[in-house]
Every structure is written in structure tokens, then in C-alpha cells.
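Data block below; observations after.
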Amino acid sequence: MTDFTGVAERYIAAWNETDADARAKAVADLWTEDAELTDPLTSVTGHEGIGAVIAGAQQMFPGFVFTLGGRVDGHHDIARFTWHLGPAGAAEPVVIGFDVIVLAEDGRIKSVHGFLDKVPA
């Protein structure tokens, strides 16, 4: 049985990793080499592209942190979860998103389909 919550927690940790080398390792450990990340703002393939999207989000929202926004739901090789982005300890997140991840046989992420539910005006 897959630990979908553990995968989602590692996913969130990768998005919070600010050290470029540690982030590259986290991405390589968590995503397949040909993984795809698609959301309303981007569509990239591979570790380098995913790492660049994460770095871009950190530059756009300096000092903000990603957190899980509730429980992780999964079955077979698919999981879904809500995430929040905002200042640490803030009462309300600035951004809220919903991601669906698909896992490869080795347990790494092979695709992410992201949606943005709340974005700054």
C-alpha cells in the first residue's frame, strides 16, 4: 500500500527547499526523470524544468512556505491534495492550490496536474 501522505509531504518539502543543490536532489529522488508538471502557469518535463518552476515560485513569493491544506486522498497510483502558500504562521494563505499526482511503479511521481484555487489579485 502506498503512503500517499508521505509522498505529498516530500513533495511539499521539495517546494520549500531553498538550497539549489538540496532541491535538485529532492526533485531527483521524488520525480521520475521524464516527469511532467502541468498547471495553469506552466508545463514542464524533467528534473531541470521542475526545479526551475520551484525556484521561480520561491522568487515570486520570497519567504513564503508551502503546507498541506488538509488530508491526502489516494488510490491505485493516484493521489490528490490541497496545498497552501503564504508566510509561515499566517492565518490565511495567499495562494491555495490543488494537485493530482500520478506515481510510477517505483513510487516516484511521474506527473503532476495542478490547479490554482486562490491567487493574489
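- D77 has its side chain out of reach of T2: every pair of non-hydrogen atoms, C-beta onward, lies at least 4.5 Å apart.
- Of all heavy-atom pairs between G107 and V7, the closest is O-CG2, 4.4 Å.
- Between I101 atom CD1 and S111 atom OG the span is 9.0 Å, to the nearest 0.5 Å.
- Between R23 and A55, the shortest heavy-atom contact is NH2-CB, 3.7 Å.
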*Could you walk me through whether V95 and F66 pass the side chain to side chain contact (heavy atoms under 4.5 Å, CB included) check?*
CA-CA 9 Å; V95 181; F66 287 88; over 6 Å; no
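- Note on I54 and V44: same hydrophobic cluster, where clusters join Ile, Leu, Val, Met, Phe, Trp and Tyr whose side-chain heavy atoms are under 4.5 Å apart, directly or indirectly.
- Annotation: K25, atom NZ; neighbour count of heavy atoms from other residues, nucleotides and ligands within 6.0 Å does not exceed 12.
- Between I109 and L103, some side-chain heavy-atom pair lies under the 4.5 Å cut-off.
- F115 and W83 fall into different hydrophobic clusters, where Ile, Leu, Val, Met, Phe, Trp and Tyr residues are linked whenever their side-chain heavy atoms come under 4.5 Å apart, directly or through other members.
- Across A14 and A26, no two heavy atoms sit closer than the pair CB-CB, 4.1 Å.
- The shortest distance between side-chain heavy atoms of P87 and V94 falls below 4.5 Å.
- Of all heavy-atom pairs between Q58 and W15, the closest is NE2-O, 2.9 Å.
- Here the CG-CZ distance, from D73 to R80, works out to 4.5 Å after rounding to the nearest 0.5 Å.
- Remark: E33 engages R108 in a salt bridge, criterion side-chain N to carboxylate O under 4.0 Å.
- When the ring-ring contact (aromatic ring centres under 6.0 Å, His included) test is applied to F61, the partners found at least two apart in sequence or on another chain are F64.
- Rounding to the nearest 0.5 Å gives a distance of 12.0 Å between OG1 of T18 and CD of Q59.
- Between V72 and A8 the shortest heavy-atom distance is CG2-CB, 3.6 Å.
- No chain of hydrophobic side-chain contacts below 4.5 Å, direct or via other Ile, Leu, Val, Met, Phe, Trp or Tyr residues, connects V102 to L37.
- Minimum interatomic distance between T38 and S43 (heavy atoms only, all atoms of both residues): OG1-OG, 3.5 Å.
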*Between D39 and V112, is a side chain to side chain contact (heavy atoms under 4.5 Å, CB included) present by the stated rule, with each step listed?*
CA-CA 8 Å; D39 68 24; V112 177; over 6 Å; no
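- The structure places NE2 of H47 at 8.5 Å from CG of D29, a figure rounded to the nearest 0.5 Å.
- Taken from CG in L68 to CD1 in I12, the straight-line distance is 4.5 Å, to the nearest 0.5 Å.
- Shown here are the ring-ring contact (aromatic ring centres under 6.0 Å, His included) partners of F4, two or more places apart in sequence or in another chain: there are none.
- With sequence neighbours left out, the side-chain contact (heavy atoms from CB on, under 4.5 Å) criterion links D34 to T32.
- Separation of atoms OG1 (T67) and CG (L85) is listed at 8.0 Å; rounding is to 0.5 Å.
- Both Y11 and L116 are members of a single hydrophobic cluster when ILVMFWY side chains are connected at heavy-atom separations under 4.5 Å.
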